[in-house]
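Below, all heavy atoms of this structure are taken into account, side chains as well, without hydrogens, waters or symmetry copies. Owing to the predicted nature of the structure, the values given are computational and were not obtained by experimental measurement.
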Amino acid sequence: EKTNKFIKELLKDGKNLIAATKNLSAAQRKFAHSLRDFKFEFIGDAETDDERCIDASLHEFSNFLKNLEEQREILALSVTETLIKPLERFRKEQLGAVKEEKKKFDKETEKNYSLLEKHLNLSAKKKELQLQEADSQVEQNRKHFYELSLEYVCKLQEIQERKKFECVEPVLSFFQGLFTFYHQGYELAKDFSHYKMALQINIQNTRNRFEGTRSEVEELMNKIRRNPQEHKRANHFTMEGYLYVQEKRPAPFGSSWVKHYCTYRKETKKFTMIPFEHRSGGKAGDEELFILTYCTKRNIDTIDRRFCFDLEASDRPGVPVTMQAFSEEDRKLWMEALDGKEALFINLNKASAKREGSAQLDKIGFTVIKKCINAVETRGINDQGLYRVVGVSSKVQRLLTLLMDAKTCNEVDLENSVDWEVKTITSAMKQYLRSLPEPLMTYELHGEFIIPAKSGSPESRVNAVHFLVHKLPEKNKEMLDILVKHLANVSKHAKRNLMTVANLGVVFGPTLMRPQEETVAAIMDLKFQNIVVEILIENHEKIFKTLPDATFPEPISMPVSPPNAPPRQSRRQGQRIKRPLAVYNLCLELDDADTHSSPKEDTPTGSMDSLSSQSPTPAFSSSPPGLLDRNHLIMDSGDLTDWATNLSGQSRPSMVSWMNTPSTNPAATNTTPSAFSFPNPATGSDRAVESVAHRKARAVYPCEAEHSSELSFQIGAIFEDVQFSREPGWLEGTLNGKRGLIPQNYVQFL
């Protein structure tokens with residue numbers, strides 16, 4: 001009875017647990033659904049790689065929760081199958097049978113003792129024969145009751161023994177399922193850590209860019225506030241802005257004035273206007289376009305409103321459209337634009353070219369920069385916040401005055417003198433570069449430098465910047481080479497000075513690059529200026545020491561994936577558990593264009609180093625069935641598929657990169673075959689293996705060995721005699737005399 005009552009309570013609690021688990025799972029799924037449906041908006045015409053990864057993060061979080069809830073559903077189902085049903089069956093079948101035996105035994109007990117009492121009450125005066133018959137009947141009944149008692153005791157013994165395993169075994173199975181669920185969660189979290197580390201760096205880089213450009217934005221906004229007419233947006237429209245347009249109505253309703261956003265292009269005489277409702281915050285109608293015939297100023301004696309003028313369209317002769325500007329000055333600007341006169345734009349940067357300071361890229365200029373660089377590298381290369389910590393303005397100005405004077409320049413000893421602090425020297429150098437008539441990377445090429453930073457694969461960005469640097473004037477290129485070489489050296493000491501590539505990009509982006517027109521739109525490009533500088537620092541040797549291709553490299557679209565060290569190939573045997581999509585999306589996303597790149601140095605969690613020009617090399621990993629379809633493996637031609645199906649049992653690398661071969665990119669000039677390529681089906685030769693065997697490789701990410709057969713190494717380690725391993729996704733190589741396994745997507749072949 002106690003066991004039966006205990007099991008009934010346990011079953012009730014178990015069912016409540018299942019219901020609570022299902023409610024939790026439903027709430028988690030609803031939360032995941034909300035994460036997936038939210039979309040980030042952005043201002044401007046492009047995002048950085050870090051921002052793209054952040055935009056995709058909520059969807060990845062949703063996938064992670066979805067995978068977790070799939071495991072929770074399995075747990076809820078296992079509770080029903082392994083705990084509820086077995087206990088219910090034991091209670092009904094086994095305990096139920098014993099309860100029936102107990103009822104039968106109780107009935108026989110009452111019968112037996114009733115007969116015994118009756119027998120004991122017989123009179124001794126009865127005949128001997130009657131007494132003997134009564135004794136015989138009692139003895140027979142006693143034997144029957146004795147046998148029944150033995151059966152009942154045996155049944156009690158059986159159920160006492162049986163309940164010890166019939167009750168505990170389902171509970172044990174329940175805990176096994178529970179711990180399996182927690183282990184699955186642990187495995188999901190462990191695999192998710194790769195994505196988490198990448199995302200933390202994306203967030204840190206974005207925060208650094210925001211903090212680094214905020215002061216530039218505030219300065220620009222203050223300039224616009226002081227001189228709004230000097231900061232008209234530089235674009236293809238001769239004039240644009242808001243105007244009130246008179247809309248005539250039938251009498252006696254008169255007319256109404258509706259605000260429109262209007263644009264005018266002088267070359268084509270095309271005038272467009274879009275109704276705008278400020279209360280709803282957007283367009284209130286369709287765009288209207290017409291060809292302007294003439295524009296006439298309206299005097300106040302002809303209309304009861306100020307600042308008005310009439311326009312006449314070629315398709316509506318004799319039907320003028322009356323418009324009202326916001327002020328007399330605004331009307332004057334519209335009138336000058338609409339009647340074909342030169343636009344009255346004040347070029348801020350032409351004025352800024354005449355601003356104070358006589359900094360030039362001459363002998364004095366090179367001497368100033370070299371003296372400052374030598375002093376910084378001698379005295380303060382490890383100073384925290386180098387180039388971010390600013391010097392006292394008066395001291396900076398005094399140092400610049402001495403350095404820019406040919407008579408006193410050579411007398412200033414920056415390397416040994418304690419009179420000049422390192423922060424004063426770095427601030428003087430930045431001030432000198434900002435005082436040049438135009439930025440070091442020129443106004444002319446500013447837009448061209450920004451374009452590759454907004455799109456394309458990491459390699460295409462490097463190639464584009466490489467090409468454009470060699471279009472700079474010789475003095476500009478020479479000065480840029482000196483400066484970037486120094487900044488690359490500074491970044492190598494980032495562990496001490498905290499000036500990572502990303503931080504240096506934030507400091508020197510606005511210093512080396514400026515748009516010719518400092519406009520509101522220029523605010524959106526500040527972060528891309530930083531990315532260009534980061535590319536220069538990370539690829540200094542290639543950009544300045546080698547000549548670019550003869551043709552300008554076309555930007556190549558790249559898959560959006562978090563740029564960080566790719567997940568290592570698992571070497572565990574047996575069935576693989578289901579992994580979160582976030583991790584697989586890191587490993588397996590190929591585009592039909594040139595998506596291979598030379599990975600840059602990895603950055604530890606929380607680092608501020610730039611990963612804007614990085615992307616993990618696409619990799620085929622050992623994955624559950626159907627994974628390739630879910631990760632959008634894109635192949636433009638059937639050749640790649642044919643290559644994969646014609647391997648005929650030959651081993652293939654788990655990480656494949658395609659160069660711009662003629663078959664995939666006819667415009668490409670680089671036809672060097674990739675070190676990672678499929679065997680040629682025509683010849684049957686496995687050139688991929690031959691090209692990799694016995695080669696050297698360099699580590700592009702750090703790695704800590706998880707097994708005695710693996711190698712631990714840091715970024716930049718050189719491996720000798722590198723060959724493919726039998727382990728999918730792993731290489732064999734020698735480092736410091738020790739031979740072991742190396743994750744294939746952690747190295748770059750030399």
Side-chain angles (χ1 to χ4, degrees), residues 46 48-49 361 438-489 491 501 504-505 508-509 512-515 525 528-558 563 591 593-601 610-615 617 657-675 698 700 748-750:
T48 64
D49 290 344
L361 289 179
E438 70 171 343
L440 203 56
M441 297 175 74
T442 72
Y443 293 133
E444 181 183 357
L445 295 177
H446 177 84
E448 294 184 51
F449 274 114
I450 291 294
I451 290 171
K454 292 183 176 181
S455 61
S457 68
E459 185 174 0
S460 69
R461 294 178 185 179
V462 175
N463 291 340
V465 172
H466 188 190
F467 181 84
L468 292 170
V469 164
H470 287 265
K471 288 179 66 177
L472 290 170
E474 196 60 36
K475 286 187 176 181
N476 293 58
K477 186 174 71 174
E478 183 182 352
M479 178 67 84
L480 190 62
D481 182 12
I482 294 170
L483 181 63
V484 172
K485 181 180 179 181
H486 165 64
L487 296 181
N489 188 27
S491 69
V501 173
L504 291 170
F508 281 91
L512 301 180
M513 297 181 68
R514 290 193 306 276
D525 287 340
F528 297 106
Q529 295 175 183
N530 305 346
I531 291 175
V532 173
V533 175
E534 292 166 16
I535 292 172
L536 289 172
I537 297 172
E538 291 174 335
N539 301 275
H540 170 261
E541 290 296 324
K542 175 180 178 179
I543 291 175
F544 291 96
K545 305 305 179 187
T546 63
L547 293 175
D549 293 336
T551 57
F552 185 80
E554 293 295 329
I556 301 170
S557 61
M558 60 178 292
D591 204 345
D594 176 15
T595 59
H596 84 285
S597 66
S598 299
K600 307 302 173 197
E601 293 187 357
S610 168
L611 292 171
S612 58
S613 60
Q614 303 174 26
S615 180
T617 308
S657 298
W658 286 271
M659 300 290 283
N660 284 338
T661 58
S663 61
T664 58
N665 188 355
T669 59
N670 182 4
T671 58
T672 306
S674 171
R698 180 175 67 87
V700 292
Q748 174 187 10
F749 282 91
L750 302 177

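- Rounded to the nearest 0.5 angstrom, Leu483 CG and Leu536 CG are separated by 9.5 Å.
- A donor-acceptor pair is defined here as one N or O able to donate and one able to accept, closer than 3.5 Å; no such pair exists between the side chain of Asn476 and the backbone of Met441.
- Pairing each heavy atom of Val532 with each of Phe449, the nearest pair is CG2-O, 3.4 Å.
- When side chains are defined from C-beta on, Pro548 does not count as touching Asn463, because their heavy atoms never get closer than 4.5 Å.
- In this structure, NZ on Lys542 lies 11.0 Å from CD1 on Ile535, to the nearest 0.5 angstrom.
- A pairwise comparison of heavy atoms in Leu472 and Leu440 identifies CD2-O, 4.1 Å as the closest pair.
- Of the possible polar contacts, none joining the His540 side chain to the Asn489 backbone as a donor-acceptor pair under 3.5 Å is found.
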Side chain to side chain contact (heavy atoms under 4.5 Å, CB included) between Phe528 and Ile451, intermediate numbers included: CA-CA 9 Å; Phe528 297 106; Ile451 290 171; over 6 Å; no

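- With values rounded to the nearest 0.5 angstrom, Leu445 atom CG is found 6.0 Å from Leu468 atom CG.
- Taking CD from Glu438 and CG from Leu361, the interatomic distance works out to 9.0 Å, rounded to the nearest 0.5 Å.
- The closest side-chain heavy-atom distance from Ile450 to Met513 is below 4.5 Å.
- Between Ser491 and Ala488, the shortest heavy-atom distance links the atoms OG-O, 2.7 Å.
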Taking it one step at a time, do Val469 and Asp481 satisfy side chain to side chain contact (heavy atoms under 4.5 Å, CB included)? CA-CA 10 Å; Val469 164; Asp481 182 12; over 6 Å; no

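- Salt bridge Glu448/Lys471: present, at least one basic N to carboxylate O contact under 4.0 Å.
- With values rounded to the nearest 0.5 angstrom, Lys485 atom NZ is found 5.5 Å from Lys545 atom NZ.
- Contact between Glu534 and Gly505 at its shortest, heavy atoms only, is CG-CA, 4.1 Å.
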Where do Lys454 and Asp49 land on the salt bridge (Lys or Arg N to Asp or Glu O under 4.0 Å) test, with the steps shown first? CA-CA 8 Å; Lys454 292 183 176 181; Asp49 290 344; over 6 Å; no

Check against side chain to side chain contact (heavy atoms under 4.5 Å, CB included), Arg514 and His446: CA-CA 7 Å; Arg514 290 193 306 276; His446 177 84; 5.6 Å; no

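- Counting all heavy atoms, side chain and backbone alike, Thr546 lies closest to His470 at O-NE2, 3.2 Å.
- Taking CG from Asn530 and CG from Leu504, the interatomic distance works out to 11.0 Å, rounded to the nearest 0.5 Å.
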Check against side chain to side chain contact (heavy atoms under 4.5 Å, CB included), Leu480 and Phe544: CA-CA 9 Å; Leu480 190 62; Phe544 291 96; 3.8 Å; yes

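- Arg698 and Leu750 make their closest contact through CB-CD2, 3.9 Å (heavy atoms, listed as atom of the first residue, atom of the second, distance).
- More than 12 heavy atoms of other shown residues, nucleotides or ligands fall within 6.0 angstrom of atom NZ in Lys477.
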